[in-house]
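Chain identifiers are assigned alphabetically (A, B, ...) following the order of the sequence lines, protein sequences preceding nucleic acid strands; residue numbering begins at 1 within each chain.
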Amino acid sequence: MPGDKKEIGRLSELKPTVKEIFFLFLKLGILGFGGGAALISLVQQEVVDKKKWLSAEAYVKGLAVSFIPPGAVIVNVSFFTGSILRGFMGGIAAVTGIYLPSFFIVVILAWIYLSFGSISLHSGVMSGLSNAVAGVITALILKMSKDFIKDKLGAFLLIICILLMIFFKVRPYVLISGAVGFGLILWLVIKNKMSGSVPPALENVAVGQRAREDMLKKIEKEADFFK
Amino acid sequence: MSLFYVFKKFLLFGFFSFGGGYTMLTLMQEELVIKLRWLTDREFLLALTAGQISPGPVAVAGGFAGFLLGYNSFHTFWWGFLFAFVAWIATSISTIICMSLIMKYYDKIQNHQSIEIIQKLLIPAVIGLIFTLGARILQSTPLSYKGLIIFILSFILARSEKVDYAFIIIGGMAVGFLL
């Protein structure tokens with residue numbers, strides 16, 4: 001039972017039934033326009049602030065692990081919330097609830113498109129649509145880069161990934177498997193090195209610090225000289 | 001195309017969609033539009049739009065794609081519905097399995113060094129993938145001044161983070177219709 005884990009966080013005494021979980025997430029699935037970040041905070045408002053099913057701490061912890069596995073983050077968070085409250089069936093209820101409204105809307109939209117849309121969607125609408133979507137995706141890319149790429153190494157890797165896909169036709173599956181596989185190998189290498197007496201990376205840092213201190217002393221001396 | 005084949009494809013989309021719904025959309029575009037040619041660029045764009053303008057997760061675009069696949073093969077509403085349902089379930093399986101495992105081994109996984117390293121590598125890969133998604137959409141659109149204006153306006157609006165993506169996309173369609 002995942003719900004028994006104390007590390008995940010304190011639970012409130014209120015324990016909803018599977019049915020209650022399903023209907024709350026169904027409501028969120030109807031209200032949660034825009035997906036992504038907006039939906040994540042909406043779930044938090046309902047589950048933590050209004051219903052008080054989870055502590056804020058537990059929700060944040062759930063959110064942190066929801067970025068790890070594949071799949072939409074919001075669906076992962078929903079599964080986390082449901083299953084911490086009512087085990088596996090609670091998780092299923094939450095995922096079903098959050099998906100169901102948009103699933104039916106999407107099916108109806110597809111049905112409308114196949115029945116009428118192929119005739120009535122004229123080129124202006126399609127051009128407006130694709131340019132708007134491309135604009136939104138460009139903004140999304142910038143936002144993600146700003147939020148998640150913090151150092152030069154990340155920026156370098158991003159450029160490498162884009163070049164690999166455009167010029168070497170590396171396929172998405174290959175790129176993702178490559179990132180995961182290479183990460184695992186890198187981790188194994190680092191772990192093996194760390195098990196030795198002095199980790200070389202730390203030694204370098206120490207040397208760097210000593211050098212900086214020496215430099216500071218030198219500057220101070222020179223400053224004294226000019227006084 | 002068989003239902004089982006569609007199930008297998010969407011199952012893989014689920015298990016490879018690190019980073020969320022837009023990664024899944026890129027995989028769908030790559031497989032269903034570019035490689036297998038089961039969907040046209042236009043149909044895929046509509047699936048993405050449906051996923052974005054409906055409430056809930058963007059990944060539900062898979063349901064739209066599934067419906068088109070089923071309907072194109074068997075030409076009835078219920079076959080479309082069945083394919084959409086199978087696509088939806090298949091993309092959700094990864095969440096259920098991976099999250100169950102993560103919660104079971106929570107104390108081991110949390111702050112594990114290997115995950116930090118993998119994420120460092122995955123994030124640029126995911127952003128790169130989404131870049132190709134946008135590039136392909138622009139590539140399949142005829143260039144025009146009106147289009148460029150809509151592109152720039154929607155970029156600015158989306159960047160401001162004050163307007164929901166759904167309204168920007170619907171606005172883009174409306175402007176395209178009026179101009």
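- Of the two parts of S140(B), neither the backbone nor the side chain holds a non-hydrogen atom closer than 4.5 Å to a non-hydrogen atom of chain A.
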CA sep, side-chain torsions, deciding dist, call: L157(A), I123(B), side-chain contact (heavy atoms from CB on, under 4.5 Å) | CA-CA 9 Å; L157(A) 286 173; I123(B) 287 167; over 6 Å; no
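- Using a 30° and 60° split on the angle between ring planes, Y99(A) and W88(B) fall in the perpendicular class, above 60°.
- Between chain A and the residues K146(B), M24(B), Q119(B), the most heavy-atom pairs under 4.5 angstrom are made by Q119(B).
- The CG atom of L45(B) sits 5.5 Å away from atom OG of S130(A), with the distance rounded to the nearest 0.5 Å.
- Only the side chain of T49(B) comes within contact range of chain A, with heavy atoms under 4.5 Å apart.
- Taking the six-membered ring where the residue is Trp, W111(A) and Y71(B) present perpendicular rings, their angle passing 60° and hence far from 30°.
- Counting heavy atoms from C-beta outward, S54(B) and F103(A) have side chains that stay 4.5 Å or more apart.
- Of the listed residues I98(A), I159(A), V133(A), the one with more heavy-atom pairs under 4.5 angstrom with chain B than any other is V133(A).
- Between L186(A) and K120(B) there is no side-chain heavy-atom pair separated by less than 4.5 Å.
- Residues M103(B) and S83(A) form a side-chain contact, since some pair of their non-hydrogen atoms from C-beta on lies under 4.5 Å apart.
- The candidate from A125(B), S144(B), A135(B), G134(B) with the greatest count of non-hydrogen atom pairs under 4.5 Å with chain A is A125(B).
- At least one side-chain heavy atom of M165(A) sits under 4.5 Å from a side-chain heavy atom of L129(B).
- Using a 4.5 Å cut-off between heavy atoms, E116(B) does not touch chain A at all.
- Put simply, of L42(A), V95(A), I68(A), the one with the most heavy-atom pairs under 4.5 Å next to chain B is I68(A).
- For the residue pair E161(B) and K143(A), the shortest heavy atom distance occurs at OE2-CD, 3.5 Å.
- Heavy-atom pairs under 4.5 Å with chain A peak, among L148(B), L138(B), L46(B), I34(B), at L46(B).
- Counting heavy-atom pairs closer than 4.5 Å to chain B, the top residue among V73(A), I105(A), T138(A) is T138(A).
- In plain terms, the two heavy atoms of S94(B) and P70(A) that are nearest each other are OG-O, 4.4 Å.
- For V60(B), the parts lying near chain A are the backbone and the side chain together; criterion is any non-hydrogen pair under 4.5 Å.
- Your options are G172(B), G51(B), S17(B), and the one with the most heavy-atom pairs under 4.5 Å with chain A is S17(B).
- In this structure, I102(B) and F80(A) have side chains that are not in contact, with every pair of non-hydrogen atoms separated by 4.5 Å or more.
- Proximity to chain B (any heavy atom under 4.5 Å) is shown, for F25(A), by neither the backbone nor the side chain.
- Heavy atoms of I149(B) lying under 4.5 Å from chain A are absent altogether.
- Of all the listed residues (A134(A), A155(A), G71(A)), the one sharing the greatest number of non-hydrogen pairs under 4.5 Å with chain B is G71(A).
- Most heavy-atom pairs under 4.5 Å with chain A, from the set G14(B), G176(B), G19(B): that is G176(B).
- Residues A132(A) and S154(B) come closest through the heavy atom pair CA-OG, 3.3 Å.
- K61(A) places a side-chain heavy atom less than 4.5 Å from the side chain of Y106(B).
- Heavy-atom pairs under 4.5 Å with chain B peak, among L140(A), L184(A), I92(A), at L140(A).
- Proximity of H112(B) to W187(A): side-chain heavy atoms (C-beta onward) are separated by under 4.5 Å at one or more points.
- Taking the side chain as every heavy atom from C-beta outward, F16(B) and S177(A) approach each other to under 4.5 Å.
- For chain A, no part of F167(B) is nearby; none of its heavy atoms comes within less than 4.5 Å.
- Interatomic distance, Q113(B) CD to K191(A) NZ, rounded to the nearest 0.5 Å: 9.0 Å.
- L39(A) and P57(B) make their closest contact through CD2-N, 4.1 Å (heavy atoms, listed as atom of the first residue, atom of the second, distance).
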Problem - Residue pair V126(B), F148(A): steps toward the side-chain contact (heavy atoms from CB on, under 4.5 Å) verdict - result: CA-CA 11 Å; V126(B) 164; F148(A) 296 112; over 6 Å; no
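- Only the side chain of T23(B) comes within contact range of chain A, judged by heavy atoms closer than 4.5 Å.
- With rounding to the nearest 0.5 Å, the separation of OG1 in T132(B) from CG in L164(A) is 12.0 Å.
- Residue contact with chain B, scored on non-hydrogen atoms closer than 4.5 Å, is absent for L163(A).
- Here the closest non-hydrogen pair linking F88(A) and I96(B) is CE1-CG2, 3.4 Å.
- Annotation: maximal heavy-atom pairing with chain A below 4.5 Å, among I170(B), I118(B), I89(B), occurs at I118(B).
- Among the candidates I137(A), L153(A), L28(A), the residue making the largest number of heavy-atom pairs closer than 4.5 Å to chain B is I137(A).
- Counting heavy atoms of neighbouring residues, nucleotides and ligands inside a 6.0 Å radius, atom CZ of F77(B) exceeds 12 of them.
- In this structure, L114(A) CG and F67(B) CZ are separated by 6.0 Å, a value rounded to the nearest 0.5 Å.
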Item checked: Check against side-chain contact (heavy atoms from CB on, under 4.5 Å), E30(B) and Y173(A) -> CA-CA 9 Å; E30(B) 167 69 22; Y173(A) 281 141; over 6 Å; no
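- Between the CE atom of M173(B) and the CG atom of N131(A) there is a distance of 13.0 Å, given to the nearest 0.5 Å.
- The heavy-atom pair separating A84(B) from V107(A) by the smallest distance is CB-CG2, 3.9 Å.
- Here the straight-line distance linking atom OG1 of T26(B) with atom CD1 of I176(A) works out to 8.0 Å at 0.5 Å rounding.
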